[in-house]
Protein chains: 2
Amino acid sequence: MPKARLTPASVTEAAAALVDEVGFDNLSMGLLAERLGVKTPSLYKHVTSQAELAHRIAVLAMTEAGDVIRDAIQGRSGSDALAAGAQAMRTYVREHPGRYAAANATRPTGPDDPFIPASERVLASWAAMLSGYDLDPGQEIHAMRTLRSVLHGFATLEAAGGFQIDASVDESFTWLINFIDQGLRAGVASGSDVAR
Amino acid sequence: MPKARLTPASVTEAAAALVDEVGFDNLSMGLLAERLGVKTPSLYKHVTSQAELAHRIAVLAMTEAGDVIRDAIQGRSGSDALAAGAQAMRTYVREHPGRYAAANATRPTGPDDPFIPASERVLASWAAMLSGYDLDPGQEIHAMRTLRSVLHGFATLEAAGGFQIDASVDESFTWLINFIDQGLRAGVASGSDVAR
DNA sequence: CCACTGAAGCTAACGTGATTAGCTAAAGGC
DNA sequence: GCCTTTAGCTAATCACGTTAGCTTCAGTGG
């Protein structure tokens, strides 16, 4: 084997860094090649297509996010775990908006797509965190989806510059976490069913 | 003036319909032209670029969503208004995923961009709805952002096929609305501040 | 009623960015 | 010190957005 300057992994890593700088939509093979000091067609010796590259970034992102969230929750429980996990996720998205966008743009390509276990690890962390609140077993799935919705929604709105007013976005996020925490501790939906 | 078969408005409307079918990312001038029974370059007599077309779709979507949400909230208050507004928004996104994606992909192009008043109308509806809960004035902004986050997050996750498990997504959504409603009625964050 | 104008739509052409084909040369095994 | 393997290169192709310039018809003014 010759030079081996680039590898699929190093190309993916560079692409992930690039995408965090210029935005996922502005990823191009030409720009990436330039960053790597190589001509565009050379990249195809390491990745089969731009779509595959984007998918690799997505897997990387999901894996990294999974690590970061797991580590944040590690050793905490209940409200502490929620706050730490949520903050960890928000921080990750703020630092890696391009990767996060890549992860959201991707769909599993098949049953053995590594993206699947990577996302399952994230879900498992959230599930572990939620187990610190005593929810009805039947409600866990709904709590999980609600949690994912708020965190994902906040992160994407923030990344898109959706929060205009000058009120502190940090403050809004801690308020949001608090809101969720109190709702989970209250054992929601035990009674009224407003939403019909 | 000659034939006038197409107009900027009719092209935009067709593009919006197309995008709901094939997905925002798969919008192409060629595909749209084909749908309209016209050759690609002819479209440029009505829109200046694909970017502008996407922006027009976004404005249309935001306007339609604003109407639908306002109408749903109309005549209701408190929990009823929340439930109706949230359901209306979710329904809109389910029926018009491409338009919604367009709206999320757009950034205001300037101070007189019609997208701005269109989104403000949506925010105004949510604000009107929230006024039915008696929140601290200082908390309204946080409640608004939390609300936007959950609804946007749920809608995008659902549109992306993010809810895999076979548990009813409808049920999760009503659970979510209930969760928010109860939190808002409880007058959150009055005490503990978990999230540091 | 008819020449005139203006814009809709067309064909041809261009530019950019992804991708492929085929060549070259250097690295590691023998 | 050869020989194979393959990273990277140049040249070419393809798809798609976009532009240039021509053609034709709808409506207007005489």
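Convention: sequence-line order gives letters A, B, ...; per-chain numbering from 1.
L43(A) has its CG atom 14 Å from the C1' atom of dT20(C), to the nearest Å. We find that CG of L32(A) is positioned 14 Å from P of dG17(C), with the value rounded to whole Å. Atom-to-atom, CD of E34(B) to P of dA15(D) comes out at 14 Å; the value is rounded to the nearest Å. Whole-Å rounding puts the E52(A) CD to dA18(C) P distance at 15 Å. Rounded to whole Å, atom C1' of dT16(C) lies 17 Å from atom CG of D25(A). For R5(B) and dA7(C), the CZ to C1' distance is 15 Å, given to the nearest whole Å. Regarding Q50(B), its CD atom lies at a distance of 17 Å from the P atom of dT16(C), rounded to whole Å. Nucleotide dA15(D) holds its P atom 15 Å from the CG atom of L31(B), rounded to whole Å.
Salt bridge annotation for R99(A)-E13(A): present, with a cationic side-chain nitrogen under 4.0 angstrom from a carboxylate oxygen.
Applying the 6.0 Å contact sphere to CD1 of I165(B) captures no more than 12 heavy atoms from other residues, nucleotides or ligands. Crowding of E34(B) atom CD: a count of heavy atoms from other residues, nucleotides or ligands under 6.0 Å not exceeding 12.
Between T40(B) and T40(A), it is T40(A) whose nearest contact on DNA chain D lies nearer the 5' terminus. Nearer to the 5' terminus of DNA chain C, by closest-nucleotide assignment, is the contact made by G37(B) (compared with the other of L27(A) and G37(B)).
Checking dA18(C), dG17(D), dG9(C) against every side-chain atom of Y44(A), the shortest atom distance belongs to dA18(C). Across dA21(C), dT18(D), dC10(C), the shortest atom-to-atom separation from the side chain of V38(B) is found for dC10(C). In the set dG8(D), dT19(C), dG17(D), the nucleotide with an atom closest to the side chain of H46(A) is dG8(D). When each of dA12(C), dG17(C), dG8(D) is scored by its nearest atom to the side-chain atoms of L6(A), the top-ranked nucleotide is dG8(D). Of the candidate nucleotides dC9(D), dT19(C), dT11(C), dC9(D) has the atom lying nearest to any side-chain atom of K45(A). In this structure, of dG21(D), dA18(C), dT18(D), it is dT18(D) that holds the atom nearest to the side chain of M29(B).
Heavy atoms of S49(B) sit under 4.0 angstrom from primed sugar atoms or phosphate atoms, though from no base atom.
Residue Y100(A) forms a side chain to side chain donor-acceptor pair (under 3.5 Å) with just one option from E95(A), R94(A), H152(A), and that option is H152(A).
Under the 4.5 Å side-chain criterion, counting only non-hydrogen atoms from C-beta, F179(B) is in contact with L184(A).
For the pair S42(B) and dA8(C), the criterion of a side-chain N or O lying under 4.0 Å from OP1 or OP2 is not met.
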